[in-house]
Protein chains: 2
Amino acid sequence: MTDSIEKGAAKKGGKRQRLVAAAASVLHERGVERTTIADIARAADVPVGNVYYYFKTKDELVEAALDRHAEYLDALTARLDELADPRERLKSLVADWVGARQVAARYGCPTGTLAVELDKRDEGGLDLAAGLVIRRLLDWVERQYREMGADEPDGRALALVGAYQGMSLLSSALRDPEIMTREGARLVREIDALA
Amino acid sequence: MTDSIEKGAAKKGGKRQRLVAAAASVLHERGVERTTIADIARAADVPVGNVYYYFKTKDELVEAALDRHAEYLDALTARLDELADPRERLKSLVADWVGARQVAARYGCPTGTLAVELDKRDEGGLDLAAGLVIRRLLDWVERQYREMGADEPDGRALALVGAYQGMSLLSSALRDPEIMTREGARLVREIDALA
DNA sequence: GTCTATAGTATGATAGAC
DNA sequence: GTCTATCATACTATAGAC
């Protein structure tokens with residue numbers, strides 16, 4: 001009995017989780033507006049009509065996918081926080097960006113491209129959601145610069161995260177992962193150059 | 001008779017031109033996928049069904065809008081080319097970006113956000129079109145750095161245009177035009193700092 | 001050359017069987 | 001709790017009247 005309940009729970013959680021994972025990747029690859037519920041259901045191997053048992057609207061799926069990207073970001077910064085030197089944390093962050101260059105060169109930054117699409121809305125309450133996730137990253141980067149004793153930590157955070165969004169956009173627009181490598185190397189040099 | 005022909009031509013040209021102008025601004029504000037033919041027709045004050053006399057498909061309208069952004073860019077660089085000093089040309093380019101900060105903070109860079117949307121396609125031949133326009137800007141910027149005798153002119157062009165795309169994305173995601181001002185000032189300082 | 005009416009299709013969402 | 005069948009709607013595109 002316990003087994004069947006756990007199995008049921010696991011299955012439910014499993015399906016919901018599969019849907020969220022599928023939403024995160026399909027929405028990233030195809031974009032919000034081009035992606036249909038059917039696309040996500042297929043990728044998650046869930047019957048189309050059944051999706052609405054877990055998510056009442058398409059926007060709820062978009063929100064869940066965004067939350068998932070936010071969780072990934074939190075996990076990443078938590079891992080970086082274990083490094084003693086804030087400078088090393090920032091350089092590891094850049095290394096992470098460069099490591100994802102193949103995906104970036106094809107589909108851009110998941111959160112950044114989502115922000116571009118959601119920004120074009122002016123209703124639904126989801127129009128600013130991606131911006132909040134980016135803001136979390138900005139704040140974390142700013143803390144690192146502050147801990148390093150750098151001047152204008154917020155301006156430097158803008159420059160670093162902005163460079164990431166810019167190089168992701170350029171590398172996907174030009175379909176060239178090398179842009180991530182080159183720009184990443186430049187960012188590392190700049191971090192190293194800080195007194 | 002000449003009058004009526006000219007009037008006819010002017011009216012046709014006028015309508016087509018109105019459609020292109022409307023497409024450029026509406027596609028920028030609402031995005032490609034969320035924009036309907038009816039949206040563009042309404043903005044251009046042209047009857048909905050009549051659009052197809054001028055453009056066979058929606059994608060042709062998107063292409064025309066992109067071409068218009070490219071023309072704007074060409075006109076801008078041609079104007080900047082009249083300045084004697086390549087350093088002044090780059091600083092004027094940045095000033096132009098900052099001058100458009102209100103639009104950028106709401107809808108991002110027209111070409112950049114178009115690139116993000118078109119990148120999510122993998123058919124239709126329009127998926128790389130926005131990238132080509134960005135490439136034109138990159139090449140122009142690279143020429144300026146080369147003329148200044150700077151090392152790695154292509155890397156510097158990537159950094160400058162990337163910074164522009166990044167700050168546009170951040171400023172629209174966070175709905176903060178001041179980001180354009182701050183980052184613009186930083187870019188000008190960097191250009192000035194070049195030996 | 002201009003515009004209306006409408007066909008054809010795809011999608012988000014729901015009702016209800018199992 | 002799961003899934004199928006289907007509705008309602010919105011959109012692209014076309015046929016054809018004027």
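Naming: A, B, ... by sequence-line order, numbering from 1 per chain.
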Euclidean distance, B/Tyr72 OH relative to B/Asp96 CG, rounded to 0.5 Å: 4.5 Å
Could you go over nucleotides 16-18 of chain C and give all protein N or O partners under 3.5 Å, atom names and distances?
none

Scan nucleotides 6-11 of chain C nucleotide by nucleotide, 5' to 3', and note B when protein non-hydrogen atoms come under 4.0 Å of the base, S if they reach only the sugar-phosphate, - if neither. -----S
Looking at the side chain of A/Tyr54, which of C/dC3, D/dT2, D/dT14 is the nearest nucleotide? D/dT2
Rounded to whole Å, please give me the gap between CG in B/Leu61 and P in D/dA13. 10 Å
Measure up the A/His28 and A/His69 rings against each other and bin them: parallel (under 30°), tilted (30 to 60°), perpendicular (over 60°). perpendicular
With hydrophobic residues grouped by side-chain heavy-atom distances under 4.5 Å, do A/Leu160 and A/Val188 end up in a single group? yes
Any side-chain heavy atom of B/Val51 sitting closer than 4.5 Å to one from B/Ile40? no
Do A/Val94 and A/Leu138 land in one hydrophobic cluster if side-chain heavy atoms of ILVMFWY residues count as linked below 4.5 Å? yes
Nearest-nucleotide check on DNA chain C, A/Thr57 vs B/Pro47; residue mapping nearer the 5' end is B/Pro47
B/Gln144 and B/Arg87, any side-chain heavy atoms less than 4.5 Å apart: no
Cluster overlap A/Leu132 with A/Leu118, hydrophobic side-chain contacts below 4.5 Å: no
Please report, rounded to the nearest Å, how far the C1' atom of D/dA13 is from the CG atom of B/Asn50. 14 Å
Gap between atoms CD1 and P, on B/Ile40 and D/dT12 respectively (whole Å): 8 Å
Whole-Å distance, A/Arg16 CZ to D/dG1 C1', equals 15 Å
Pairs touching residues 44-66 of chain A that satisfy salt bridge (Lys or Arg N to Asp or Glu O under 4.0 Å), sequence neighbours left out: A/Asp59-A/Arg121
Presence of A/Tyr52 side-chain N/O under 4.0 Å of C/dT14 phosphate oxygens OP1/OP2: no
